[in-house]
Amino acid sequence: IMSQLFLGGKASSGKLNSWVEPSFGDLFGSSGLNSLPLAKAPLSGGNKSRAQPSGVDVGGKKPRKRKGALQAAKPVFPPRRQDSQEPQDEPWVQVYAPQLQAELAVHKKKVEEVEKWLRVHLDLNHGGAVLLLTGPSGCGKTATVHVLARDLGCQIQEWSNPVTTSEYRTDDSFRQTFDPDSRFNSFHWTSQTGAFQEFLLRANKYDRLPMRGDGQAQDRKLILVEDFPNQFYRQPGCLHDTLRRFARTGRRPLVFVVSDSLSGDSSSRLLFPKEVQEELGIRTISSPSHGASWYATLSASCEMTRCCRAVVVVFSDPEKAVLEQLCAGSSGDIRSAINSLQFSSFAEHSLEKGAWASKKGKSAASAARVPARPKGGNRSTRSAEVLDDSPAIGGKDTSLFLFRALGKILYCKREAYEGCEVPKLPSHLSVHQRDRMIVDPEVITHKQTCRSHMSGEFFSLYLHQNYPDFFSDMDDVARASEYLSDADFLTAEWSSRPTMSEYGSSVATRGLIYSNSARAQATSQSHVGFKPLHKPHWLHINKTYRENYLAAQSLFISFCLTPVSLMTELVPYLAQLSNPMRNQAQIAFIQDVGHLSLRRFPGRLKLEALGDKEPGGLDLDGESDDAGTQTTGQGTRTLPSSSQEPGADFPSSQPQPTTADALLDEEDILIEEYDSD
Amino acid sequence: MQAFLKGSTQSVKPQRDKAAASTSGEKKQKPVPWVEKYRPKCVNEVAFQEEVVAVLKKSLEGADLPNLLFYGPPGTGKTSTILAAARELYGPELYRQRVLELNASDERGIQVIREKVKNFAQLTVAGTRPDGKACPPFKIIILDEADSMTNPAQAALRRTMEKESRTTRFCLICNYISRIIEPLTSRCSKFRFKPLANEVQQERLLEICEKESLKYTKEGIDALVKVSEGDLRKAITLLQSAARLSAEKEVTESIVTETAAVVPPKVIENLLQTCYKGTFEKLEIAVKNIIDEGYAATQVLSQLHDIIIEERLSDKQKSAITEKMAVVDKCLVDGADEYLQLLGLCAVIMQQATQSN
Amino acid sequence: MSLWVDKYRPTSLAKLDYHKDQANQLRNLVQCGDFPHLLVYGPSGAGKKTRIMCVLRELYGAGVEKLRIEHQSVTAPSKKKIEINTIASNYHLEVNPGDAGNSDRVVIQELIKTVAQSQQIQSSTQREFKVVLLTEVDRLTKDAQHALRRTMEKYMATCRLVLCCNSTSKVIAPIRSRCLAVRVPLPSVEEVCSVLTGVCRKEGLLLPPELAKQIAEKSGRNLRRALLMCEACRVQQYPFSADQDIPETDWEVYLRETANAIVSQQSPQRLMEVRTRLYELLTHCIPPEIIIKGLVTELLGNCDGHLKAEVAQMAAYYEHRLQLGSKAIYHLEAFVAKFMAIYKKFMEDGLDNFMF
């Protein structure tokens, strides 16, 4: 895709030019579009060990960052050489980007949805339609748009934030060549918004100028915005005003691509609050994440194998296990996975030339990314670590993943004391007598924290999700739940949280182990049998709670009510009144939140099985986003126009999972879920 | 900082001037809080705090003034005393130059102490007033609510205090002396302000009623005295509020309890009786009623506490109940639900009370 | 067509339906010209906001009813922009500072400053001050409350505060002492009935007194809820019948069923099911403290004397933790588990006694 992405970027730079010299720019743009997919990245300084890390890092962050740089740094016509003298100079993400719909690792329903929308809005000239694509990073949102645009034969005009590096401006020749760009460059961020407005409105205005030799295809354009001027994050109002103007005057479909994140105030919510979506008729399509386990087997592997095939030609075949680890480590972020893959295979080969130092430098570089971009950065670091360790796999502790860590706590294996060293409790306390634990819970939590960057609190969430299955006595459960409550209480004060969280997780783990009186003695531990483990719901629930809470307040602000009476009195009763004074968004919200259907209950929350190879913690966000699409009926929530019947989310044919029995069917249900969506 | 200074000079002091002006009756009547209006104007007017008054009087007669630390419950006249003394010392003109009043709840970090206080303290002053009268050759810095100052700020203060002792006297005012660091307390002469005796309070209130030509009932004033618990400022504020609400009518007991946000004793009594005699169902209803009536749980708690201490229960029962009260109080401060907390407390009282029978 | 709650909301002190003495006192207060800061408190649905708006109208005339929703943005010292919705007329400004979360201190200070410094538009209203109405003051952080007390004094000349909250327990003493406290109790059952009947008469409907009484009782004297219930009854069936079912909200029914599920079986599996139900309630934005209160009320009905006291203690204990902790579900679930344990024991003991 990269060539496309990249050309998209260029096309937009072409567009920028075209405002000044329309015919020239368009010529360029079209030629760019038709050019061969394997364009060579111009940044290649030649020297591998320098180009490589930058490729990984930049790719790992986001290709568009690079585009920004390219746009500014490159001569107008890049050397579009077909042969790749050193293919690894270019991130594989670009080289092996999907070219066809079939190659997209996005659920085909979603692709179809986007395609349908594009078809409708590309041909009709009814003013500025806006599409908002959301999903976790690296799930293929941008790729989808590019592939579809290609299939539909339309051109993409892409906005990218102008870079404000001053060293470029000192270059006179550059300034001459890039008049429009350098004009942007010399502006501060405040005028970035201005530039953005101009971009949107101009892109509209001029695109219908008759172009020489353009023909039909040229007439179809869409505007892609992936990067938002920073100003909009501070004052979303600006963006909304711009959009309102666009909606009035725009003729071209406008596509926004926004990455979700776990942190409650996701940017899509900030930038596109519900009432604005409603007002402007913005269509939202959320790509599901691939965090779910099924993805790892289906899409990722197909994506992976595709990459591998290509890789195999040039290099040796990477170990199968390595691939699996990559998939797991990236938890659905294809971009990150491919980057890691490239990194790893590069390391295997070129580093044999004794360039260990540079490798270290690289891991340091990617580690340095962590603070800059926690999610993507973490992942690549992690996978890099995994790869570094890969020869050592099979060693004793390296593979203590979440699954086993949880198992160790929940099954709480004990061993009998030997001989007479048994420290006995006095008889009135004998109920508290426990045999010795085989593992130390602190060791487990500590390793967990180190290996997968999962805090003790997350680990406790996992424990909380799963512990009742391992208990049979009610008193024990009560005690265990009290310990969990204690643990949360300990970490309540944010100022002391860093210190207390260790104690908190210690209380949680030890409390759980201790309270399971059925497993107090080594001898009584015979058989529990295998119990499937699940991922915690809480994060998702909490997120939904906060989102609904905010949505309610913004939708019903005119009632001047406190949030509590709003949610417990007004909305539920509005659901029972047929009061016509509501707008679409309010109705949708009332339908969704005000009603609490009693029949729907077992189907709402799907248990998501936790595999033994999954690293856990890192894909929490992916997982919760995923759950978001499953459980809340995203369509109903954000999209009044396509709101479904409440019952439609869960067809009656679908098995109603009643705890344990249904767990085996989990995989099927999940997939069906998407189909019915 | 600057804003604060401006704020205090603009809003606080003019008001005081106005207070003086309006009592002399030369300007158009502008509503002034009675607390300001009836603030003592000279040291002699300060009620009930003989000890400190004696010291200040000496200083007025020409003796040197030590650094002062006033502490005691709110509304006992700490701020009024020092303000009155300063006014007498300097007279209205010099007052503004010679007195720096750092008010409560302001940014009073270490920076303020270092710069503002230092700058002010460094200026030396003469020993005469413009009108020729003698006045002490030092300035006064009043630090109100010093117990809310951070410890570093207090530490910074102690050095300043020593260095500037030639030209400046400090007056620290606080509610809790335990929150002032030891080095500071040792540098000041400490004066404890006692809660005002009921008779003294009553006398003052009646005086004000007369001046404002208010109608009142005896019970109303008694209730005021009782409710304010030795806090004269509270008593006067309540009196004014009650007067506003009742307009032409007289200030009665019920209106006083209402404005003071006190739960009527009858309600508390009923609740307690339910605890002793009733069933848990009745208790639930009683607690629900209290909450529905809008009474604040903290208020109910403190009034219950006063009664329980006097009740005819064994020491063991009382200690069990008061221990729970402490827990409930903490929970309420943390924001726990009032209904559940009160219900929990009443359940304990009920348990304890029924155990003895 | 607006809701009855809004449509028939009294707009002047004279038209208030209950606590008429208090209404008179408030009028005295307005007329004496020396208007203090107010602290209005009382349970939800007692009519605090209505009363405040009536006072404002008494102060400024009908102009206060021309409301507009404004988005204000306040810049914190850390350069962070905070967006907040306010409702304002020419004379007053209403803010729910709780919306600003931890930045509430800055928001309050800045907003009051802006209001206090801007001139009153018409001097003909003979009021020298504007009013800032802060709702949910009990949700303010302590930091913000302390800042408020200084702000209150500082801008006393041009600005009065009306603070509105459910309980004064969470308002710090210095603020309480600076305000005139106005307690608004819930209307009695009879008062609710008369309001309901009055509203129905204005709607041209005939409300049987029995039904009115039922609604009033079921609403827990919460007038807003009562009116909403009454309107829902109207949608459900008209003409009214005296014994008609009063529609409950879905979440209340759901909560009751959850309580039944807890009582009917006590096992780890059931706990998991209950957890799912709790999650469901949470996704519908029912605050955890409401959930625990609802559960207690339902569960207490199933216990006898001694057990009740214990359950009440537990509820108080876990609700408190819920307020402090960050993951409500831990505490909700701990409460449920604990209840299950003692209830199970209680039932088994009862069974044993029965056997012998």
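Here is how names work: the chains are called A, B, and so on, in the same order as the sequence lines, proteins then strands, and each is numbered from 1.
Contact annotation for A:Tyr467: only side-chain heavy atoms (C-beta onward) come within less than 4.5 Å of a heavy atom of chain C. Looking at A:Ser472, the atoms closer than 4.5 Å to chain C (heavy atoms on both sides) all sit in the backbone: N, CA, C or O. Only the side chain of C:Tyr317 comes within less than 4.5 Å of a heavy atom in chain A; its backbone stays farther off. Contacts between C:Arg270 and chain A at a heavy-atom distance below 4.5 Å are absent for every atom of the residue. In this structure, the portions of C:Leu228 lying under 4.5 Å from any heavy atom of chain A include both its backbone and its side chain. Of the two parts of C:Glu94, only the side chain, counted from C-beta on, holds a non-hydrogen atom closer than 4.5 Å to a non-hydrogen atom of chain A. Contact annotation for A:Leu566: neither backbone nor side-chain heavy atoms come within less than 4.5 Å of a heavy atom of chain C. For chain A, the nearby part of C:Ile87 is the side chain; its heavy atoms alone come within less than 4.5 Å.
The shortest distance between side-chain heavy atoms of C:Ile290 and A:Val564 falls below 4.5 Å. At least one side-chain heavy atom of C:Leu3 sits under 4.5 Å from a side-chain heavy atom of A:Leu574. The closest side-chain heavy-atom distance from C:Tyr318 to A:Glu482 is below 4.5 Å. Between C:Tyr330 and A:Ser481, the closest side-chain pair of non-hydrogen atoms is not below 4.5 Å. A heavy-atom distance below 4.5 Å is not found between the side chains of A:Tyr545 and C:Ile286. Using a 4.5 Å heavy-atom threshold, the side chains of C:His284 and A:Pro572 count as separate. Side-chain contact check for C:Leu322 versus A:Phe489: every heavy-atom pair is 4.5 Å or farther apart.
Ring planes of C:Tyr279 and A:His537: perpendicular class, angle over 60° (limits at 30 and 60°).
The two atoms that bring A:Ala478 and C:Ala341 nearest to each other are CB-CB, 3.8 Å, heavy atoms only. Among all heavy-atom pairs drawn from C:Thr249 and A:Thr568, the shortest one is CG2-O, 4.3 Å. The heavy-atom pair separating C:Ser44 from A:Ser565 by the smallest distance is OG-CB, 4.0 Å. Between A:Ala492 and C:Leu324 the shortest heavy-atom distance is CB-O, 3.3 Å.
Interatomic distance, CG of A:Leu484 versus CD of C:Glu333, reported as 8.0 Å (0.5 Å rounding). Here the NZ-CE distance, from C:Lys344 to A:Met474, works out to 7.5 Å after rounding to the nearest 0.5 Å. In this structure, OG1 in A:Thr562 is found 6.5 Å from CG in C:Asn166, a value given to the nearest 0.5 Å. Here the straight-line distance linking atom CG of A:Asp488 with atom NE2 of C:His331 works out to 3.5 Å at 0.5 Å rounding. Between C:Thr283 atom OG1 and A:Asn542 atom CG the span is 11.5 Å, to the nearest 0.5 Å. Here the straight-line distance linking atom CG of A:Leu550 with atom SG of C:Cys285 works out to 8.5 Å at 0.5 Å rounding.
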Verdict with supporting geometry, A:Glu569 and C:Met229, side chain to side chain contact (heavy atoms under 4.5 Å, CB included): CA-CA 9 Å; A:Glu569 291 164 12; C:Met229 276 179 174; over 6 Å; no

Worked verdict on A:Tyr573 versus C:Val5 for side chain to side chain contact (heavy atoms under 4.5 Å, CB included): CA-CA 12 Å; A:Tyr573 275 109; C:Val5 191; over 6 Å; no

A:Arg479 vs C:Lys338, side chain to side chain contact (heavy atoms under 4.5 Å, CB included): CA-CA, chis, key distance, verdict: CA-CA 8 Å; A:Arg479 206 176 303 128; C:Lys338 195 103 189 169; over 6 Å; no

Verdict with supporting geometry, A:His464 and C:Lys327, side chain to side chain contact (heavy atoms under 4.5 Å, CB included): CA-CA 11 Å; A:His464 170 255; C:Lys327 300 186 183 62; over 6 Å; no

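Annotation: maximal heavy-atom pairing with chain C below 4.5 Å, among A:Phe471, A:Tyr549, A:Trp538, occurs at A:Trp538. Chosen from A:Val571, A:Val477, A:Asp486, the residue pairing most often with chain C at heavy-atom distances under 4.5 Å is A:Asp486. With respect to chain A, the highest number of heavy-atom pairs below 4.5 Å among C:Ser326, C:Gly45, C:Ala232 belongs to C:Ser326. With chain A as the partner, the residue from C:Arg224, C:Met340, C:Gln266 showing the most heavy-atom pairs under 4.5 Å is C:Arg224. Across C:Leu271, C:Asp6, C:Leu67, C:Ile69, the residue that shares the most heavy-atom pairs under 4.5 angstrom with chain A is C:Ile69.
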